[in-house]
Amino acid sequence: MSRFRPLSNAFYVRPADIVAPELLGRYLVRELDGERTVARLVEVEAYLGADDPASHAFRGRTARNAAMFLAGGHAYVYFVYGMHFCLNVVTGESGVAHAVLLRAAEVVEGVETAAQRRGVSADAAPRLLAGGPARLCEALGVDRAFDGASLRRGELTLREGEPVTPPAIARGRRVGVAYAGRAAAWPLRFAVRASPALSRPLAAR
DNA sequence: CGGAAGATCCACT
DNA sequence: GTGGATCTTCCGA
């Protein structure tokens with residue numbers, strides 16, 4: 001999988017709703033203690049910074065969301081519900097605070113390691129491995145230590161992989177943002193239709 | 001300084 | 001389908 005190169009700086013420096021669908025099919029590579037775990041992204045959501053009531057950056061910069069204001073290509077990791085981590089890819093120019101939440105992935109290498117971190121058996125359903133933002137983080141051993149880290153080098157990298165084209169992509173409203181009023185209905189969730197690892201079913205058409 | 005709510009997950013009915 | 005776990009963050013008083 002290291003035959004794939006890290007995504008370029010130019011890739012990230014665009015609005016989150018443009019970058020999000022292009023992240024599907026890409027590989028998130030985690031190196032830890034000599035073990036490599038690789039996950040193919042199958043579900044993401046775009047958050048549009050100051051223009052988006054659902055975004056953590058809607059009300060400006062705080063200690064928690066500082067990483068969102070870095071230049072595109074960095075990670076924004078936050079802690080929720082007192083027990084879970086969620087990983088975002090920051091996009092756009094520095095100061096814009098756009099981000100893409102990584103909601104689900106298919107583990108394509110290092111299944112044993114991922115399953116162990118998740119506390120499930122290696123033959124568990126894909127959804128139980130990394131189908132969900134917090135499950136994805138646990139499967140890859142991602143925590144607060146990566147908040148603000150670059151995704152172009154280091155122990156957690158996002159690589160070119162095999163992009164998915166529009167016919168295979170479903171689009172719908174974001175999950176868990178009912179508090180955001182009208183923005184809750186914005187179609188900023190993108191998912192690979194055929195994936196068995198989605199965090200939850202796609203809305204009926 | 002207190003309290004409410006949270007970009008979730010799991011066990012159980 | 002429902003409720004509980006668990007604790008950080010942020011806003012209002």
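The figures that follow rest on heavy atoms only: side chains count, while hydrogens, waters and symmetry mates do not. Naming: A, B, ... by sequence-line order, numbering from 1 per chain.
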Using heavy atoms to find the nearest nucleotide of DNA chain B for A/Val175 and A/Val120 separately, return the residue whose nucleotide is more 5′.
A/Val175
Linking I/L/V/M/F/W/Y whenever their side-chain heavy atoms sit closer than 4.5 Å, directly or via other members, would A/Leu202 and A/Leu23 fall into one cluster?
yes
Does anything in residues 13-26 of chain A pair up under salt bridge (charged side-chain N to carboxylate O under 4.0 Å, His left out), and if so which pairs, sequence neighbours excluded?
A/Arg14-A/Glu22
Do A/Arg64 and A/Thr62 pair up side chain to side chain, a donor and an acceptor below 3.5 Å, judged on atom types alone?
no
Between A/Ser195 and A/Glu106, does any side-chain donor sit less than 3.5 Å from a side-chain acceptor?
yes
Contact string for nucleotides 1-13 of chain C, one letter per nucleotide 5' to 3', B = base within protein heavy-atom range under 4.0 Å, S = sugar-phosphate only, - = neither, reads ----BBBSSSS--
Can you check whether A/Val19 reaches A/Val44 side chain to side chain, under 4.5 Å on heavy atoms?
no
Go through DNA chain B in 5' to 3' direction and return only the first and the last nucleotide with some atom under 4.0 Å of chain A's heavy atoms.
B/dG6 to B/dC10
Between A/Arg117 and A/Glu138, does at least one N-O distance fall below 4.0 Å, as a salt bridge requires?
no
Students often get this wrong, so: under 4.0 angstrom with heavy atoms, is A/Arg118 touching a base, only sugar-phosphate, or nothing?
sugar-phosphate
DNA chain B-proximal residues of residues 45-56 of chain A, any heavy atom under 4.0 Å:
A/Tyr47, A/Ala54, A/His56
Where DNA chain C forms stems, i.e. three or more consecutive Watson-Crick or G-U pairs with both distances under 3.5 Å
B:1-6 with C:7-12, B:8-12 with C:1-5
Name the atoms and distances for all side-chain donor-acceptor pairs under 3.5 Å in residues 67-80 of chain A, with sequence neighbours left out.
from: A/His74; atom 1: ND1; to: A/Ala71; atom 2: O; distance (Å): 2.9
from: A/Tyr76; atom 1: OH; to: A/His56; atom 2: ND1; distance (Å): 2.8

Report which part of the nucleic acid A/Arg103 touches: base, sugar-phosphate, or nothing (heavy-atom distance under 4.0 Å, all strands).
sugar-phosphate
Closest to the 5' end of DNA chain B, once A/Tyr179 and A/Leu128 are matched to their nearest nucleotides, is A/Tyr179
Would A/Arg103 and A/Ser199 count as having a side-chain donor-acceptor pair, cut-off 3.5 Å?
yes
Distance under 6.0 Å and angle within 45° of the ring axis: does A/Arg152 meet both against A/Phe11?
no
